[in-house]
Structure formats: C-alpha cells, structure tokens
Amino acid sequence: MRIPIQSVTPDIGHADVCGWVHEVRDLGGLAFFLIRDRTGILQVTIPKKKVPEAVLAAIKRVSRESVVRVTGTVKVMEKAPGGRELVPDTFEIVNLAETPLPLDVSEKVGVELDTRLDARFLDVRRPRVAAVFHIRSAAMHVMNDYFHKKGFIGITTPKIVAAATEGGTELFPIAYFDKEAFLNQSPQLYKQMMMAAGFEKVYEIGPIFRAEEHNTTKHLNEATSIDIEVSYADHLEVMRILEDLIVKTYEYVNATCSDHLANIECTNFTVPKAPFARLPYTEAIEIAAKKIAEPIKFGDDISAAAEHVIGDEMGAHYFIVDWPSSIRPYYAMPYEDDPTICKAFDLMHPRMELSSGAQRVHQHNLLVQQIAKKGLNPESFEFYLKPFRYGMPPHAGWGLGADRLIMTMLGLSNVREAVLFPRDMHRLVP
RNA sequence: GCCCAGGUAGUGUAGCGGCCUAUCAUGAUUGCCUGUCACGCAAUCGACUCGGAUUCGAAUUCCGACCUGGGCGCCA
C-alpha cells in the first residue's frame, strides 16, 4: 500500500512511497535520492553494495522529476531530513521524465514568471508555489462554510449573457449560434433578481470576464469573484458581513495553514482586526491632496497614486464610503438627504481595492431615472427591470476579488501568482 | 491604448563596436568518489528573437516586426 511521504516515520519499519525524483546526490558507493510528493520529501539512501541489482539498474536510468515508486526499510537516521531514511528493496520507474526540464523544480537557479506560467504544472511542483494554492483552497473552503453557516443560499448564474446592460467595462463577445452574446462581467443583475425571487441571502463564487487591455500586476481578464446579496440589509450591514468574512478567513488560514505559510516565507501575515476604518470619500481625497501633486476633485475617481498614499496613511484594511453618485453605477442607492452621494463602498487593502458594494436601488421608478441619468437606455434593461415591478425587497451586496484577496493576504507581488492559469492580454495558453 | 525597460545555452545571467572561437551559475552526458543535504572533483555538450541598414568589423549602433516585464490609463 502506497503511503504519503508525511507518514513515513522512523517507527513504521517498512514503507511504500510514490513521488517525483527531486534531487540526486551520487557519492559513488552510496547514493542519495530525494523523493517528493505533495506531503513532503523523503531521503532514499542506496548503499550500492547492499541493494538488489534491479535497484541499481533503475537509479542509473532515472532522471530528475521522473515518477517513481520505492519500497524498502525505514531506518532511523539523525543525519537525514526528518530523522529517517528509506533503504530500498525495489525502485520502480513509473514514468520517466524527459531532460532537460523546462524549469528547475529544486530551485537552484531563478526563474521568471513567464517561464513558470508556460510550464505551470512543473512550477506548481515546487512546494512554495503549491503552498499558495493550498492556502487559496483553505480560504475558499472557509468562505463557503461561512456563507452556509450564515444561511446564505449558494447560486450559480449564467456566464453567457445577451447584452452589455451594465455599461462600463468592455465585454468579450462570443459566437452563440446565430446570436451575439458576451461573457458576463459580474453576477450583479442575477443576484439582485434572486432577491425578487425571495432567496433573501445569496452568494456565488465564480468567474468574471473583463475585456480591458490593462497591463498591470493586479488586473486579469478572467478573475474569480465572491459575490453576495442580502435582502432587507443596508450597505452598513453588508460591510459588517464583509469585514467579518475577511477576518474569519485570515483566522482560518492562520490556524490551519502554518506549514504552507512557512513554506512561502510569508513574513507579514497578520490577521486584520474588525471593525475596519470607515473613511468617507471626501476625507480620502483630502488625505491624497496632502501628498500628491494633482489633487482629486469631488466626483473624480481615486487614482492609483492616490490609492497608494491613502493606503500608506491607513496602514490596514479600510472602507471608503459615501461615494459621489456620479461615479458609481446606477443601481447604487443615493442618500435621501443628499443624492449627490450614495450608499456605496469600496473595501481597500493598503495595496489595492479588494471589493466594492452598495445598498441597491430597489424602487423601479428611481432605478429607471438613474439608468437614464447615466446615459443608458432603460428599454434594453427590461429583463433586469421587470423584477423591480413585482415586489422587490430593499437589498444590498458586494463583490470581492478572490485573486486579490489571496494576493494581498500572502504579500504576492503579482496577482498571477495567486491564479493557477491566469488570463491576461498576452496569455491564453496553457 | 500610452509610456518606460528588456529579449544571450533547458533555466537564471555577464558582456554593450575589434579583447567573443561569448562569462558565470545551474543543467545534461561521461568518468571518479560510502553519509550527502545547493555533495565534491574532472572532461564534454549547449545560446546572441527575426528581418533589414550602418560599418573594414555588430551580441553590442540604427530601423521595422514579433515576444516579454513594469508603470499609467481603462477597470458599472
């Protein structure tokens, strides 16, 4: 029976392991093979005079990163990693790897991100890279779990949609039989429809697509979005849910992924403290004005430079609240007493935006007005507007970028590091 | 889309008009080596993105293409 390398302890006597040949050190009469699986690395020690002929034949033929199956006696050995080593009875080459390798899995020489992504399957064999995705999996798990515990209903909504009804971002057009269609930029309209459907609390974790020609370390053309929508909630309530979710996710990763965190040498992993600061937009632009040459006027978007100086000043997760209505989407609810600002918010990490959300407009007439005010045509929104005519509860929600959450959590310098097979302007393969 | 920086063995790099028959590391191949842990030692192999121009001479300068990294913009 094959066992994981982690389970090979000095006391088990005999072991049967499968894995990759990580490194070879052949000293002549004695050879050391490091065998790696996803749980760890085991030293296989081969005293050449004492092992079967078949073992010698196999180790002569095997190459690095070949898949092998090794059985033998486990010996206590202080000098070996993990305090134990395996002396083989059998050494089977399950699948020989070609040489040379497209990149060095044992990390003796550096490798550029582009080369890594071209051979991502090999890149992810590196323990420190695999660790990112173990942590991502743990984070996704705890968020799903959180939503279920809080009574959210998980939904999936179409990624193929008919029209660019939301405006704003560019969409990817696709051929859909004899019709024009697009890849969806966000589940926004669909999760709102589920408020009209009476689900009250919904969440979706899924892909979103944006056809923007951006070329940065924090943008992708395909991203994973974590979205919620809650009936009878206002923006303040969904902000509390969001900060609670972030804190609980960090706590879970901290509690369950210490080995993986150590592996990626994540030195500044700290669980954020709730409540996060609520910084009104007008104060945010005042902070920016003190530090950057070109001040932001009310109604301007917050530039990347401003985002950085405000992030430095805040030093931790924070919300920017009370945005000008003019720069938020039509479905953001304006304040009753001052409709120039609205009940919209962004959740910021000091490095970048992670999430944006709002209390939504639930009144049909107001929504039609807001759509028209944005220069859009309400007639093309009929499928979206219809639910608002038959008893739409008030509601609020947000969308959170999963890739950026992992990137900022682990201090990764490029969002592509947090995604197995990133899609950007230049990369469609693998 | 705009701007900047780049493209040299499988990988990561040095060289920036003649010293290049191109550096170093890693790797691959072969040999030696019984406690390595980036094992050591020796030999061998392996590269200037493509096209054009300037020049006696181009990896090096210029032009174009392609590709890459980064910043900005865009990102309801």
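So that the names make sense, note that chain A is the first sequence line, chain B the second, and so on, each numbered from 1.
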Looking only at B:A28, B:U68, B:A76, the nucleotide nearest the A:Pro329 side chain is B:A76

Of A:His395, A:His235, A:Glu229, A:Gln192, the one forming a side chain to side chain donor-acceptor pair (under 3.5 Å) with A:Arg360 is A:Glu229

*B:G69 phosphate, OP1 or OP2, under 4.0 Å from A:Asn414 side-chain N/O*: no

In terms of heavy-atom contacts, A:Glu417 and A:Leu412 come closest through CB-CD1, 3.8 Å

Winner on side-chain proximity to A:Ser356, out of B:A28, B:A76, B:C74, is B:A76

Is the shortest side-chain N/O distance from A:Arg210 to OP1 or OP2 of B:A76 below 4.0 Å?
yes

**Prompt:** Say you pick atom C1' in B:U21 and the same atom in B:C3; how far apart are they, in whole Å?
**Reply:** 41 Å

Between A:Thr217 and B:G71, does any side-chain N or O lie under 4.0 Å from OP1 or OP2? yes

A:His219 NE2 to B:G73 C1', in whole Å, measures 9 Å

Exercise. Hey, does the side chain of A:Thr39 reach the backbone of A:Gln6 with a donor-acceptor pair shorter than 3.5 angstrom?
Worked result: yes

Check your understanding: Do A:Arg278 and A:Glu243 meet the salt-bridge criterion of a basic N to acidic O distance under 4.0 Å?
Key -> yes

Intra- and inter-strand pairing of RNA chain B, written as dot-bracket with Watson-Crick and G-U pairs under 3.5 Å and | for the latter, reads (((((((..(((.....[.....)))((((((.......))))))...(((((..]....))))))))))))....

Among B:G71, B:A38, B:G35, the one nearest any side-chain atom of A:Thr216 is B:G71

*asked:* Taking any heavy-atom pair under 4.0 Å as a contact, classify A:Glu78: base, sugar-phosphate, or nothing.
replied: nothing

Closest of B:G31, B:A76, B:G70 to the A:Ser186 side chain is B:A76

A:Phe381 atom CZ is separated from B:A76 atom P, nearest whole Å, by 14 Å

Ranking A:Gln43 and A:Lys218 by the position along RNA chain B of their nearest nucleotide, the one closer to 5' is A:Gln43

Under 3.5 Å between N/O atoms: give me all the protein pairs with nucleotides 32-34 of chain B, atom names plus distance.
unit_1, atom_1, unit_2, atom_2, d
B:C33, N1, A:Leu27, O, 3.2
B:C33, O2, A:Leu27, O, 3.0
B:C33, N3, A:Asp26, O, 3.2
B:C33, N3, A:Leu27, O, 3.3
B:C33, N3, A:Gly28, N, 3.3
B:U34, OP2, A:Gly29, N, 2.6

**Prompt:** Looking only at N and O atoms, is any donor in the side chain of A:Glu85 or the base of B:G35 less than 3.5 Å from an acceptor on the other one?
**Reply:** yes

| query | Does a side-chain N or O from A:His426 land closer than 4.0 Å to OP1 or OP2 of B:U68, or not? | reply | yes

By nearest-nucleotide position on RNA chain B, the 5'-leaning member of A:Ile327 and A:Arg427 is A:Arg427

Euclidean distance for P, B:U13 against B:U49 (whole angstrom): 14 Å

Q. Under 4.0 angstrom, heavy atoms only, what part of the nucleic acid is A:Ala80 near: base, sugar-phosphate, or nothing?
A. base

Counting primed atoms, P, OP1 and OP2 as sugar-phosphate and everything else as base, the B/S/- map of nucleotides 1-12 of chain B against protein heavy atoms under 4.0 Å is B--------SBS

ask   = Across the strands shown, which category fits A:His22 at heavy-atom distances under 4.0 angstrom: base, sugar-phosphate, nothing?
value = nothing

*Going by an N to O cut-off under 4.0 Å, is there a salt bridge joining A:Arg69 and A:Glu92?*
no

Distance between the C1' atoms of B:A38 and B:U11, in whole angstroms?
15 Å

Per atom distances to the A:Ala304 side chain, the nearest of B:G73, B:U68, B:G27 is B:G73

